[in-house]
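What follows is a set of notes on a single structure, which appears directly below.
Positions are given from 1, in the same order as the sequence printed here. Bear in mind the structure is a predicted one, so any value in this text is a computation, not a measurement. Order of appearance sets the numbers: ligands from 1, and atoms from 1 within every ligand.
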Amino acid sequence: MLEIGLTGGIGSGKTRVADLFAARGAALIDTDLLAHEITAPGGAAIPLLVEAFGAACLRPDGAMDRDAMRARVFSDPSAKRTLESITHPLIRSLTVARADAIRAAGAHPYLIYVVPLLVESGTWRERVGRVLVVDCREETQVARVMARNGFTREQVEAIMRRQATRADRLACADDVIDNDGPPEALPPQVERLDALYRATRGGIAAR
Ligand code: ADP
């Protein structure tokens, strides 16, 4: 089964594009959703987080307090490393388990991993047969994230500075979806790639 890594900068439209592929029958594993899952109440990361950061890192419902942790790691690189040393291995093993189950079920034509920091990660590119980049102008990213999250321009630009550049991502792409236009421009592009992915057997060898 072909396995594809879908990436793009914040606000580029990864979620929207991934949903269109899922509607056409693709299996999806969204690493951001897995990160939420392990930090939800009772999630696998919660006891480790309490051990490392104290109970103050949790909200009253027992989920990780994302706002508090974001503020903490923003100003403290060692807290960031600790947080990542807890969450990354858990996300990775859940990803592997989900992918194994999807392959074993054999019900999907191909598998898409949604990985926001695929280009930045040392290992993801070797784990997938193709890299699909959702692309738009940086100004479009800023406008979308300001509208979606209520962030200021400065907040969005600070996040973007910590991500790969648009050029870096495009340099890694096997396939590109242009999402600078209206939402109606997406389905024909997804349809074309869906046909290509269905016609491509195997994973890494297909590259
Ligand atoms: P990502 O998952 O890459 O951060 P999303 O898919 O959440 O991006 O899209 C970011 C925001 O922009 C969302 O609010 C989404 O509804 C909106 N959006 C995405 N694509 C378009 C588009 N082509 N036109 C207008 N709004 C869009």
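- One distance of note links CD1 of Ile38 with CD1 of Ile91; it measures 4.5 Å at 0.5 Å rounding.
- Among protein heavy atoms, atom 2 (O) of ligand 1 sits closest to Thr15 OG1, 2.6 Å.
- Any N or O atom pair closer than 3.5 Å counts here, and Leu186 shares no such pair with ligand 1.
- For atom 19 (C) of ligand 1, the nearest non-hydrogen atom from the set Gln141, Arg16, Lys14 comes from Arg16.
- Of the charged side-chain nitrogens involved, none lies within less than 4.0 Å of a carboxylate oxygen, so that Arg169 and Asp135 do not count as a salt-bridged pair.
- Side-chain atoms of Leu170 and Val176, non-hydrogen and from C-beta on, do get closer than 4.5 Å to each other.
- At least one heavy atom of Gly9 sits less than 4.0 Å from an atom of ligand 1.
- At the top of the distance list for atom 24 (N) of ligand 1, counting protein heavy atoms only, stands Pro183 CD, 3.5 Å.
- Backbone and side-chain nitrogen or oxygen atoms of Ile10 are examined, and none is located within less than 3.5 angstrom of a nitrogen or oxygen of ligand 1.
- Of the inter-residue distances, the one linking Tyr113 atom OH with Leu34 atom CG reads 11.0 Å to the nearest 0.5 angstrom.
- The closest approach between a heavy atom of Ala147 and any atom of ligand 1 is not below 4.0 Å.
- We find the CE-OG1 distance between Met69 and Thr39 to be 10.0 Å, quoted to the nearest 0.5 Å.
- Scanning Glu184, Arg148, Arg144 for the heavy atom closest to atom 21 (C) of ligand 1 points to Arg144.
- In the vicinity of Asn179, heavy-atom distances shorter than 4.0 Å reach the ligand 1 atoms 19 (C), 20 (N), 21 (C), 22 (C), 23 (N).
- Within the 4.0 Å heavy-atom criterion, the part of Pro182 lying near ligand 1 is the backbone and not the side chain.
- Closest to atom 8 (O) of ligand 1, if we only count protein heavy atoms, is Gly13 N, 3.1 Å.
- Using a 4.0 Å cut-off between charged side-chain N and carboxylate O, Asp67 and Arg70 make a salt bridge.
- Atom CD1 of Ile4 and atom CD1 of Ile112 lie 5.0 Å apart (nearest 0.5 Å).
- Partner of Glu3 under the salt bridge (charged side-chain N to carboxylate O under 4.0 Å, His left out) criterion, chosen from Arg130, Arg98, Arg103: Arg103.
- Gly8 does not count as a contact of ligand 1, since none of its heavy atoms falls under 4.0 Å from the ligand.
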